[in-house]
Visitor: 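The structure that follows is given in the form of structure tokens.
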Protein chains: 2
Amino acid sequence: MASIKTIATLAQTSVASVSRVLNNSGYVSAALRAKIESAIAQTNFQPSSDARILRGGKSHLVGILLPSIDVQFFGILAQSMEQALFDLGYQSFICSTAESAAHEARYVAMFLSRRVGGVIAASAEAGAAHFAPLRARGIPIVAIDRDLHGYASDSIVIDHDLGGRMMAQHLLDLGHRKIAILGAPQHSQSIKRRLAGAKAALGQSGLQPVSVQLGMTHDFAQAYDLARNALAHRPTALIGLTDIAAIGAIHAAHDLGLQIPRDLSIIGFDDIPSAAFVLPRLTTIAQPIRHLGHIAAQRLHRLITSDPSVQMNALPALTLIQRDTTAPPIPA
Amino acid sequence: MASIKTIATLAQTSVASVSRVLNNSGYVSAALRAKIESAIAQTNFQPSSDARILRGGKSHLVGILLPSIDVQFFGILAQSMEQALFDLGYQSFICSTAESAAHEARYVAMFLSRRVGGVIAASAEAGAAHFAPLRARGIPIVAIDRDLHGYASDSIVIDHDLGGRMMAQHLLDLGHRKIAILGAPQHSQSIKRRLAGAKAALGQSGLQPVSVQLGMTHDFAQAYDLARNALAHRPTALIGLTDIAAIGAIHAAHDLGLQIPRDLSIIGFDDIPSAAFVLPRLTTIAQPIRHLGHIAAQRLHRLITSDPSVQMNALPALTLIQRDTTAPPIPA
DNA sequence: TTGTAGGCGTTATCAC
DNA sequence: GTGATAACGCCTACAA
């Protein structure tokens, strides 16, 4: 593999000068610089990041820990973070943890050996002790989507509780009283908080959900089954803690011969692209996914460089997107 | 940052012995080994991959180049590859290129400086010269989803042409004669091949598509617009070159008051999770996305290690998944 | 303006 | 069994 030495030989000079042109540091005569640059171009030479890191340079590596990227919400999030980070000069390890603390721990060990400069994580709920080694080494951690207890240096987490309230309130405002709730994965902190928020809002009206159905995985098929269970309790409206859950519910209702929103109102959460492209179009609470990813990248960058000039963006707000799956209940 | 030296001091021994326990090489007495292991555990020490690479070890790094991961097809693909690769001992840089050769080139330069051991790529169509430096260094490249002309060491690319034929044939078998085609992104090799295949199948029946609508981006909204254009030509059936395209078309048809499949048949391609969860459920050609990802990972591993014992899996077949969006046309 | 040399963390080679 | 040590590729004093 070509090294700085190869280039030096090619350009008939010393490694120091090559390093100087590579880094635009110190003095190099125009003539020498030209020779060196041509040698670099010829060889397609790229200096070894490893040697640079070893020498004491920053790694410009960051770890991104997400439950998955085969679910669109996280795919969008991952891509937006990776792009923003790349533009800031970092390269990312995007890791899918399947909500498993064991997997997270494995990836954390990898981050350590790769000397990542920072981590962005949407961690599984069950304990976060495996983040301790990162903290011990002063490696900044930005929590995204879910809090990380004492381990995060910064948190980009929307107000899931409020989100839950908004869903419930919308249905309440429409006049619904028999409301069911479903969602997954049940161990996810965001799901739990939305659930808590929704229940709280119902509670304020002296109501309780007629059924709460929680599942393990983030997929349509399971949501469909949960919805079948929920619908057995004859709600007039249904809260999907995610759009996936809500869309699964639309299908379950359809197969039961229910008309939406006439017989059943459904509201979701996230506003993933599919939400606007199901029939009927899904009413949902939108979170600005890409925007959150960009903010997380910026914050991590700020933490890594300790550069106070990077601005602290406020978290964008949640918005109710009213589409075609919610309406007042039929008067009894 | 703790190093092997720190551990040696802690365990009152030399770096050589620490290295020996780290790598299970050479002789270490049980007593010494215990001391060293405890020092390692105490410190949460992880040896620097950079130093290992520098020393001449393999980097165990691989680059994954995909147009995006915010589109579910690629998100699933990326995750399956990353997982399989991680289990094989590799860490991946998952990079979203937005179908841009310039972006690809930037990532390739990064791969070079990071000394990746291999690359998996679904490249944009426009030329692949920027892969030359990888080839020059003998870094294996596995093409996935799309061929890479002369640059790939191996190719995991389904027969898109056949896929196109299968879509057309299904509609032809049903009795359709006025068939429109839509899809995106139009510069994608896979899209072009499916289109070619579909046209060829129509041609064998002496037919031509009544309309071909191609777009730039992989999203529902654009597909919706394309479908509006296509439907102006009054086809009885419509081929979506991707499920995204087909789902956009379902909505366009719905908004035009068309009943599916009575007034219009629609077939898609890929069988992404949403395909089974739109109404009506989408008939489509399934490609086993995860499986393809696993195969790509295996093949790359084989190329990196040149270990002939890794089996060559055959590419899995395409299957028609008949759901509810296709039916015979209404007799005129 | 250019060149020489040391050291970053690791492993392999060689002595002891 | 164990411990020095050279070398990997790079950057940065420092010397010339």
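Proteins come first, then strands; the chains are lettered A, B, ... in the order of their sequence lines, and each starts at number 1.
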Visitor: List for me each residue that meets side chain to side chain donor-acceptor pair (under 3.5 Å) alongside A:R106, sequence neighbours excluded, and say none if there are none.
Guide: A:H103
Visitor: Would you mind checking if A:R52 and B:D50 are paired as a salt bridge, meaning a charged N to carboxylate O distance below 4.0 Å?
Guide: no
Visitor: A:N24 CG to D:dC11 P: how many Å, rounded?
Guide: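 From A:N24 CG to D:dC11 P: 12 Å.
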Visitor: For the helix from C:dT1-D:dA16 to C:dC16-D:dG1, what angle lies between the axis at the first five pairs and the axis at the last five pairs, to 10 degrees?
Guide: 50°
Visitor: Mind checking whether A:Y90 and A:S59 have side chains closer than 4.5 Å, heavy atoms only?
Guide: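 With C-beta onward as the side chain, the pair stays apart.
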Visitor: What does the B/S/- profile of nucleotides 8-16 of chain C look like, 5' to 3', with a 4.0 Å heavy-atom cutoff to protein?
Guide: BBBBS----
Visitor: Categorize A:L32 for me: base, sugar-phosphate, or nothing, with a 4.0 angstrom heavy-atom threshold over every strand shown.
Guide: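 Counting heavy atoms under 4.0 Å across all strands, the contact made by A:L32 is with sugar-phosphate only.
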Visitor: Taking side chain to side chain donor-acceptor pair (under 3.5 Å) as the test, write out the residues that go with A:Q91, two or more places apart.
Guide: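 Listed in chain order: B:R114.
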Visitor: Considering only NZ, NE, NH1 and NH2 on the basic side and carboxylate oxygens on the acidic side, decide whether B:R20 and B:E37 come within less than 4.0 Å.
Guide: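 No salt bridge links B:R20 with B:E37.
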Visitor: Roughly how far, to the nearest 0.5 Å, is the OG atom of B:S190 from the CG atom of B:D145?
Guide: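 Going from the CG atom of B:D145 to the OG atom of B:S190 covers 4.0 Å.
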Visitor: Between B:S17 and D:dG3, is there a side-chain N or O to OP1/OP2 distance below 4.0 Å?
Guide: yes
Visitor: Give the table of side-chain donor-acceptor pairs shorter than 3.5 Å for residues 64-74 of chain B, with sequence neighbours excluded, one pair per line with atom names and distance.
Guide:
residue	atom	partner	partner atom	Å
B:D70	OD2	A:R290	NH1	2.9
B:Q72	NE2	A:D70	O	3.0

Visitor: Could you work out, with side chain to side chain donor-acceptor pair (under 3.5 Å) as the rule, every residue matching B:T13, not counting sequence neighbours?
Guide: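 With sequence neighbours excluded, B:T13 shows a side chain to side chain donor-acceptor pair (under 3.5 Å) to no residue whatsoever.
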